[in-house]
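For reference, the structure is listed below as structure tokens.
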Amino acid sequence: MSIYDTLNREQKEAVMTTEGPLLILAGAGSGKTRVLTHRVAYLIDEMGVNPWNILAITFTNKAAGEMKERVGNIVDNGDSVWVSTFHSACLRILRRHIYLLGYDNNFTIYDTDDQKTLIKNICKRLDIDPKKFKERLFMNGISSAKDSLLSPEEYRMSAMGDLTKQMISKVYFEYQDALRQSNALDFDDIICKTVELFKANPEVLDNYREHFKYIMVDEYQDTNTAQFELIRLLAEKYRNLCVVGDDDQSIYKFRGANIRNILDFEKHFPEAKVIKLEQNYRSTENILAAANAVIKNNIGRKEKALWTDKGNGEKIHFRDFESAYEEAEYVSDDISRHVRKGGKYSDCAVLYRTNAQSRLLEEKMVHDGIPYQVVGSINFYSRVEIKDVLAYLKTIDNAKDDIALRRIINVPKRGIGATTIEKIADYAYQNSITMYDAMCRADEIPTLGKAAAKINGFVNMIRVFRSGLESYTLPDLIKAVIEKTGYDAYLEETYDESFEEREENVDELISKAEAFEEENEEADLTSFLADVALVADIDSVDENDDRVLLMTIHSAKGLEFESVYLTGMDDGVFPGFMTITTGNDEDMEEERRLAYVGITRAKKELTLTHAKARMVRGEMQYSAVSRFVKEIPGELLDNRLPQSRRFDSYDDPIPLQPVNFDPRPRATLRKKVTRDEDKPFIAKGISSLNNLAGLSKGGAALSVEKPDYDIGDRVKHIKFGTGTVEDMTKEPRDYKVKIMFDDAGPKIMYASFAKLKKV
DNA sequence: CTCCTTTGTCTTTTT
DNA sequence: GACAAAGGAG
């Protein structure tokens with residue numbers, strides 16, 4: 001009996017088809033990870049392929065690590081297989097060869113924040129009105145140009161007759177120049193510079209073609225044009241390319257993912273063999289039926305028939321709530337119940353469409369003492385304090401990085417203000433040198449005056465760090481930076497409330513540097529910075545922790561849980577308001593695929609929740625049950641939808657508009673709200689809001705009416721306990737109350753949401 | 001140059 | 001409700 005006997009017929013066929021192009025259409029939960037690992041093992045053990053000749057691309061670092069581990073469990077010399085993400089694989093290649101494109105091999109990586117800062121600076125220099133042209137527009141424009149491998153020149157050609165595009169083209173040129181000047185690459189560059197490298201240097205490409213004779217790509221449906229081109233270049237010679245994907249799970253169009261890559265695979269590789277994996281080993285029949293019922297509303301997909309032998313299982317739970325607050329309460333309570341029955345916290349995942357929705361859930365879990373981890377929202381490495389420290393390291397490592405330099409030049413404060421910085425930037429720009437080089441010549445810049453002394457001090461400090469680079473270990477270097485710059489003290493005086501947490505984060509960074517040195521032989525500063533730039537938040541999840549995971553559905557891709565809560569199943573939240581109003585079918589289909597991904601994360605239990613009202617950007621939003629819930633046959637749910645809604649067709653726009661929908665531009669609406677606050681429209685909104693918050697009991701329906709407590713009264717809050725009302729001010733829409741809580745200290749809150757009870 | 005307040009803006013998903 | 005930018009005072 002061999003390890004391959006545990007595979008089903010199709011899986012076995014996929015594992016044993018080692019030569020030529022192969023497309024594996026792997027439905028959700030069909031065991032594709034097993035297929036991939038076994039395929040690697042089979043190549044090595046049975047086909048005698050050198051592990052070094054295998055390249056496997058995964059979607060996250062975490063997935064790469066897991067696959068490496070599993071392969072290592074099956075075969076002896078699995079270590080030399082390249083298993084990594086597109087970005088880390090390309091990074092490894094570029095570190096060796098990018099000098100051929102005129103960059104230094106110790107280039108830095110710009111994340112989205114850095115990108116934005118750079119574009120902002122460019123816009124300022126080009127005198128672009130930020131009100132008319134938003135940075136976002138340029139970022140998206142440039143990014144999608146790069147995703148489709150358009151150089152600034154090519155983009156300019158395509159921009160003919162389109163004023164906005166011409167504008168983007170201008171910025172794109174400047175942006176690319178600035179990146180080169182700073183010896184930096186952005187995320188997209190990591191891929192497309194590799195393609196550029198291969199195209200410009202056939203001998204390098206050939207070298208890697210010989211290296212990677214067998215290539216596998218996971219989550220193929222989410223590759224973009226640049227990634228496809230990269231793979232095509234590498235695989236063209238030996239044509240041993242195996243891609244695994246599911247067109248129904250393509251959810252990264254916004255990031256340039258091109259669903260045609262999977263739909264047209266057989267056109268690009270006519271000799272390709274196609275294998276469908278349709279048996280689902282993850283979910284019960286009910287969950288699968290729900291997923292199938294939703295996804296079948298999409299057109300233009302590859303037909304698949306997922307099935308399972310796991311039996312019906314429990315019905316899908318559907319719960320409808322008056323407010324997002326109650327929704328969070330239910331989810332939290334239900335998880336507690338699950339644990340009381342002997343389950344684990346880590347069996348459960350709470351998923352939502354947008355990161356902002358995590359807040360209420362989190363509060364509730366803190367309150368109930370449920371251990372949880374929020375994945376996403378703010379990546380560890382994008383916290384300000386971490387970015388600051390990293391900016392120091394970047395400046396020490398690669399002094400060409402202007403963005404990093406600008407970040408720390410006056411943090412902590414050392415008396416170098418905005419005017420001085422702009423003078424340096426101007427001088428640098430005029431002389432085509434980096435800002436750091438300009439600062440080294442501070443005495444030659446006439447306009448600086450006495451600020452020059454401060455700049456010399458800064459430059460000297462960086463020089464000292466740099467001279468210590470040889471002798472310091474990474475953690476020591478970070479510690480030295482924090483000490484010499486007085487960064488700890490700076491944190492304490494800048495963030496009076498959160499400084500402890502921030503200091504812990506910095507300590508965490510030091511431990512990560514320690515771990516990095518242990519794991520890597522060549523643990524130099526450059527590679528540490530690169531490693532850190534490509535870490536996704538999901539990579540930090542440890543299965544052995546018994547915690548509930550909270551994350552977006554996007555982050556949950558590739559994961560599975562015993563019990564999944566899909567929260568915020570509201571029309572307007574999921575699918576998003578924008579998708580509904582623009583009426584773009586493609587966008588709606590992508591949202592639907594996202595729903596499909598969410599549903600299919602569940603193994604045994606699936607709970608869908610909807611809240612009739614929730615706060616979105618400070619305003620109450622009312623919504624109907626998500627159309628995706630309505631696409632699930634009623635008999636699969638344990639709780640029928642409310643009759644009136646259930647049989648509404650959602651083609652009919654009127655009943656499904658959020659109650660406060662108003663076609664006027666926001667600004668107009670807002671002004672009106674503040675000016676005549678007791679128009680029926682508003683009054684109605686507020687009173688129903690009060691009902692939802694459970695405040696109508698005392699008869700005080702309108703929140704503009706005074707609460708039943710006053711300054712000096714003792715009140716009780718559900719989370720903060722008892723306290724004394726210190727101040728109360730009437731605002732147009734609500735009362736703002738300041739309370740000194742006995743335990744939690746002073747808080748300012750709005751009366752209608754605080755749910756304060758007089759004691 | 002720095003600190004504070006006020007004003008305005010907000011499509012969401014991430015390597 | 002959260003955050004960045006802008007404006008004004010010290």
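Source: prediction; values computed, not measured. So that the names make sense, note that chain A is the first sequence line, chain B the second, and so on, each numbered from 1.
- Distances shorter than 4.0 Å separate some side-chain N or O of A/Asn355 from OP1 or OP2 on B/dT13.
- A salt bridge links A/Arg406 and A/Glu422; the closest N-O separation between the charged side-chain nitrogens and carboxylate oxygens is under 4.0 Å.
- Considering only residues two or more places apart in sequence or on other chains, A/Tyr352 meets the ring pair (Phe, Tyr, Trp, His ring centres under 6.0 Å) condition with none of them.
- Residues passing the side chain to side chain contact (heavy atoms under 4.5 Å, CB included) test with A/Ala533 are A/Ile109, sequence neighbours excluded.
- Distances shown here put a side-chain N or O of A/Ser555 below 4.0 Å from the OP1 or OP2 atom of B/dT14.
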Could you list all N or O pairs between the protein and nucleotides 1-4 of chain B that sit under 3.5 Å apart?
residue: B/dC1; atom: OP1; partner: A/Gly417; partner atom: N; Å: 2.8
residue: B/dC1; atom: OP1; partner: A/Thr420; partner atom: OG1; Å: 2.6
residue: B/dC1; atom: OP2; partner: A/Thr419; partner atom: OG1; Å: 2.5
residue: B/dT2; atom: OP1; partner: A/Gly415; partner atom: N; Å: 3.3
residue: B/dT2; atom: OP2; partner: A/Asn410; partner atom: ND2; Å: 3.2

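- Of the P atoms belonging to C/dA4 and B/dT13, the separation is 16 Å, rounded to the nearest Å.
- Remark: A/Tyr252, A/Phe254, A/Arg255 in residues 245-258 of chain A come within less than 4.0 Å of DNA chain B through at least one heavy atom.
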task = Dot-bracket notation for DNA chain B is requested: 5' to 3', Watson-Crick or G-U wobble pairs only, both distances under 3.5 Å, with ( ), [ ], | and . as defined.
result = ||||||||||.....
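- Here B/dC10 is the nucleotide among B/dT15, B/dC10, B/dT13 with the atom lying nearest to any side-chain atom of A/Arg617.
- Distance from the side chain of A/Thr354 is smallest for B/dT12 among the nucleotides B/dT14, B/dT15, B/dT12.
- For B/dT11, neither phosphate oxygen OP1 nor OP2 lies less than 4.0 angstrom from any side-chain nitrogen or oxygen of A/Thr579.
- Using modelled atom types, one finds no donor on one side chain facing an acceptor on the other under 3.5 Å when comparing A/Tyr381 with A/Asp111.
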task = Starting from the C-alpha separation in whole Å, work towards a yes-or-no answer on side-chain hydrogen bond (donor to acceptor under 3.5 Å, both in side chains) for A/Glu229 and A/Gln227.
result = CA-CA 5 Å; A/Glu229 185 63 9; A/Gln227 290 165 335; over 6 Å; no
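- Remark: A/Lys557 is not positioned above the aromatic ring of A/Tyr252, lacking an NZ or CZ atom under 6.0 angstrom from the ring centre and at most 45 degrees off the axis.
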Between the protein and nucleotides 3-6 of chain C, which nitrogen or oxygen pairs come in under 3.5 angstrom?
residue: C/dA5; atom: OP1; partner: A/Lys120; partner atom: NZ; Å: 2.4

